[in-house]
Amino acid sequence: MNSLEQAEDLKAFERRLTEYVSCLQPATGRWRMILIVVSVCTATGAWNWLIDPDTQKVSFFSSLWNHPFFTISCITLIALFFAGIHKRVVAPSIIAARCRTVLAEYNMSCDDTGKLILKPRPHIQ
């Protein structure tokens, strides 16, 4: 391969990587919003559950039954983590980190948007 073909291949790789990372951004934003809303609901429900004087007087399951908002938000948060929301929230950074690992062998890197960063060649003396 000549240097022109190599440059075109790098440009095509960069375009595809930035396209893929930018395609993940809207979904990542939605998952972050879902995680924030469910976390705030769980924290609010936990606060109400903890300050309720009846919580100490009844059994654990009865106290959960008396606070359905907290119970449902807790179950939802646990279900979201079992479904992998923690991976979906950081998916673009996972892709970029894996690309950096592979590109390091070729004296290159990439930023969080997928743009390639060419590093200077090391000088061998």
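Proximity of D54 to S63: side-chain heavy atoms (C-beta onward) are nowhere separated by under 4.5 Å. Looking only at side-chain heavy atoms (C-beta outward), W49 and N66 stay at 4.5 Å or farther from each other. A 4.5 Å side-chain heavy-atom check between S109 and K119 finds at least one atom pair inside the cut-off. Residues I95 and L17 form a side-chain contact, since some pair of their non-hydrogen atoms from C-beta on lies under 4.5 Å apart. Annotation: side chain of I117 is not in contact with side chain of L103 (no heavy-atom distance under 4.5 Å).
Taking hydrophobic clusters as Ile, Leu, Val, Met, Phe, Trp and Tyr residues chained together by side-chain heavy-atom distances below 4.5 Å, V90 shares a cluster with L35. When the side chains of ILVMFWY residues are joined at heavy-atom separations under 4.5 Å, either directly or via intervening members, L50 and L64 end up in a single hydrophobic cluster. At a threshold of 4.5 Å between side-chain heavy atoms, the hydrophobic network of Ile, Leu, Val, Met, Phe, Trp and Tyr places V38 and F82 in two separate groups.
Shown here is Y106, whose OH atom has no more than 12 heavy atoms of other residues, nucleotides or ligands within 6.0 Å.
Atom OG1 of T113 and atom CD of Q25 lie 9.0 Å apart (nearest 0.5 Å). Separation of atoms CD1 (I85) and CZ (R32) is listed at 11.0 Å; rounding is to 0.5 Å. For the atom pair L118 CG and N107 CG, the distance stands at 9.0 Å (nearest 0.5 Å). Taking CG of L4 as the reference point, atom CG of D9 lies at 10.0 Å (rounded to 0.5 Å). Note that CD1 of I72 is 11.0 Å distant from OG1 of T42, once rounded to the nearest 0.5 Å. Between I94 atom CD1 and C99 atom SG the span is 12.0 Å, to the nearest 0.5 Å.
D52 contributes no side-chain N or O that, together with a main-chain N or O of N48, makes up a donor-acceptor pair within less than 3.5 Å. Judged by distance alone, with hydrogens and angles left aside, the side-chain atoms of T55 form no donor-acceptor pair with the main-chain N or O of I51 at under 3.5 Å. In this structure, the side chain of T44 engages the main chain of V40 through a donor-acceptor pair within 3.5 Å.
Closest non-hydrogen pair, E14 versus G114, comes out as CG-O, 3.9 Å. Contact detail for D112 and V21: the closest heavy-atom pair is O-CG1, 3.4 Å. Here the closest non-hydrogen pair linking R88 and A83 is NH1-O, 3.1 Å. Closest approach of T28 to V89, counting heavy atoms only: CG2-O, 2.9 Å.
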| Could you go step by step and tell me if S62 and S59 meet the side chain to side chain donor-acceptor pair (under 3.5 Å) rule? | CA-CA 5 Å; S62 296; S59 70; 2.9 Å; yes
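With sequence neighbours excluded, the residues forming a salt bridge (charged side-chain N to carboxylate O under 4.0 Å, His left out) with R16 are E19, listed by chain and number. Residues passing the ring-ring contact (aromatic ring centres under 6.0 Å, His included) test with F81, sequence neighbours excluded: H86.
Using modelled atom types and a 3.5 Å distance limit, the side chains of W65 and T71 yield no donor-acceptor pair. Using modelled atom types and a 3.5 Å distance limit, the side chains of T76 and S73 yield no donor-acceptor pair.
Here ring-ring contact (aromatic ring centres under 6.0 Å, His included) pairs that include residues 10-47, with residues two or more places apart or in two chains, number zero.
At a threshold of 4.0 Å, the pair D111-R100 does not count as salt-bridged, since none of the basic side-chain nitrogens sits closer than that to a carboxylate oxygen.
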